[in-house]
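Take this structure, written in structure tokens, and hold onto it; I'll ask about it next.
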Amino acid sequence: MNKNDNILLTSNHLAVGYQERRKQIPILENVNISLNRGKLVCLMGQNGIGKSTLLRTLSGVQPPLAGEVSIAGKNIHQLSRIDRARRISLVLTERLNAGNLTVEDVVVMGRYPFVGLDIRLSDLDSQIINQAIDQVGVKDLLDQNVHKLSDGQIQKVMIARALAQDGDIIILDEPTAHLDLNNRVIIMRLLKSLAKDTNKLILMATHELDLALQTADSLLLVQQDGVLTEGIPEDLVLDGTLDRVFDLKGYDLKTGKYQHETGSMGAVQLIGEGYVYLWTKNALERTGYMVKKEAVTKITIDSSQDKLTWKISTQNKQEEVVDSVLNLIQTL
């Protein structure tokens, strides 16, 4: 297969913004991107930088001020609304006002561009709907009213509707907004697997920097000067682009951790391994201790028994053994 055969969504000298009377107000200009099918792409940048406007323009909901957007080589604004709906599924942040609609009703709505207002589902339509329901895992919710669902459940239902629409592209605006940590991870993992399994392009705006770095195939970063940079997460970390975009204070992109101000409580030596070592080190640094090999105070993690213990050794004190990280910090 030719490399260009995978390119699905492109923009050429695109300018996005608003028209007020006869005056154009650009937000982003000269946007040139080429996004491939089968990829999860995260659009990121500071608040108010124009991410939502860009997504609306790329999806055809909002006309560009200049330039063009193409799907598989076809100008999106030369397509009818029905054709666009058959190619692009759009999931916005606004909470769905579904009245008394059930989950099944909402997912079926994804087939509207194909079945018309009479909603006569063919065997193929039903197959696509059932597949979307299974892929997202909302089968046990089908008879429930949407207004009774949690935010995480609603987001999964909206993704199922987008899959039922069966376009090559799914565009989402902050799909993890207002979700707890567990549901944020679930949604990101789901989108990652769907991009790979369905060979669709999934483009999402997000503020979840840590999750995007771990799951996205590529990032679109909107810099403060309006320049948009595209690349894989690792390259954008290593060349400093991510740091410039977010002006990070105290967050180490190379390790993915917040940088604690260590040393105010002194230095300790920590001996151990695995995740227990990492979390113990985190607690020590968060509390103000510096972990150094040559420190006089030595902490040894013992995981050989059923219960974890931490042994504290110093030059002037008798060894002490504690059974939790909290007791370790308090004893120090």
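For reference, positions follow the sequence shown, starting with 1.
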Look only at the side chain of Gln155 and the backbone of Pro175, and say whether a donor-acceptor pair between them is shorter than 3.5 Å.
-> yes

Under 6.0 Å from the NE2 atom of His178, do we count more than 12 heavy atoms belonging to anything else shown?
-> no

CG (Leu163) and CD1 (Ile129) are apart, to the nearest 0.5 Å, by 12.0 Å

So, are Asp166 and Arg86 salt-bridged, with charged N and O less than 4.0 Å apart?
-> no

Going through the distances and angles, do His207 and Glu174 end up as a side chain to side chain donor-acceptor pair (under 3.5 Å)?
-> CA-CA 7 Å; His207 285 98; Glu174 297 284 354; 2.7 Å; yes

Evaluate the side chain to side chain contact (heavy atoms under 4.5 Å, CB included) criterion for residues Thr280 and Trp310: first the C-alpha distance (whole Å), next the side-chain angles of each, then the deciding distance (0.1 Å), finally the verdict.
-> CA-CA 10 Å; Thr280 304; Trp310 290 257; 3.1 Å; yes

Between Asp302 and Lys311, does at least one N-O distance fall below 4.0 Å, as a salt bridge requires?
-> no

Treat each ILVMFWY residue as a node, draw an edge where side-chain heavy atoms are under 4.5 Å apart, and state whether Leu92 and Ile49 are in one component.
-> yes

Please assess Leu219 against Leu242 for the test side chain to side chain contact (heavy atoms under 4.5 Å, CB included), listing each intermediate value before the final yes or no.
-> CA-CA 10 Å; Leu219 302 179; Leu242 260 169; 4.2 Å; yes

Kindly check if the number of other-residue, nucleotide or ligand heavy atoms within 6.0 Å of CG (Asp140) is above 12?
-> yes

Can you find a heavy atom in the side chain of Ile71 that is under 4.5 Å from one in the side chain of Ile88?
-> yes

Are Leu220 and Lys51 close enough that some pair of their side-chain heavy atoms sits under 4.5 Å apart?
-> no

Same apolar cluster (I L V M F W Y, side chains within < 4.5 Å links), Leu332/Val291 | yes

Where do Gln223 and Val245 land on the side chain to side chain contact (heavy atoms under 4.5 Å, CB included) test, with the steps shown first?
-> CA-CA 5 Å; Gln223 301 188 51; Val245 168; 3.6 Å; yes

Is there a side-chain contact between Asp217 and Asn36 (heavy atoms, below 4.5 Å)?
-> no

Verdict with supporting geometry, Val16 and Leu14, side chain to side chain contact (heavy atoms under 4.5 Å, CB included) = CA-CA 7 Å; Val16 304; Leu14 181 68; 3.8 Å; yes

Rounded to the nearest 0.5 Å, what's the gap from CG on Asp243 to CG on Leu236? Could you check?
-> 12.0 Å

Could you walk me through whether Thr331 and Glu320 pass side chain to side chain donor-acceptor pair (under 3.5 Å), step by step?
-> CA-CA 8 Å; Thr331 303; Glu320 295 186 67; 4.8 Å; no

Are side-chain heavy atoms of Leu149 and Val103 found at a separation under 4.5 Å?
-> yes

N/O donor-acceptor pair under 3.5 Å between Ser89 side chain and Ala162 backbone = yes

Start with the C-alpha gap between Asp105 and Thr102, add the side-chain angles, then the distance that decides, and say whether side chain to side chain donor-acceptor pair (under 3.5 Å) holds.
-> CA-CA 5 Å; Asp105 294 332; Thr102 65; 3.1 Å; yes

So, does Gln153 use its side chain to make a donor-acceptor pair with the main chain of Ser150 at under 3.5 Å?
-> yes

Got a sec: does the CD of Gln318 have more than 12 other heavy atoms crowding it under 6.0 Å?
-> no

CG/Asp173 to OG/Ser59 distance, rounded to the nearest 0.5 angstrom?
-> 9.5 Å

For the residue pair Leu211 and Thr206, establish whether any side-chain heavy-atom pair is separated by less than 4.5 Å.
-> no

Student check: side-chain heavy atoms of Ile187 and Ile159 closer than 4.5 Å = yes

Would you check if the side chain of Gln214 reaches a backbone N or O of Asp210 as a donor-acceptor pair within less than 3.5 Å?
-> yes

Does a side-chain heavy-atom distance below 4.5 Å link Met204 with Met188?
-> yes

Polar side-chain atom of Asp239 near backbone of Thr241 as donor-acceptor pair, under 3.5 Å | yes

Side-chain heavy atoms of Leu278 within contact of Asn282, under 4.5 Å = no

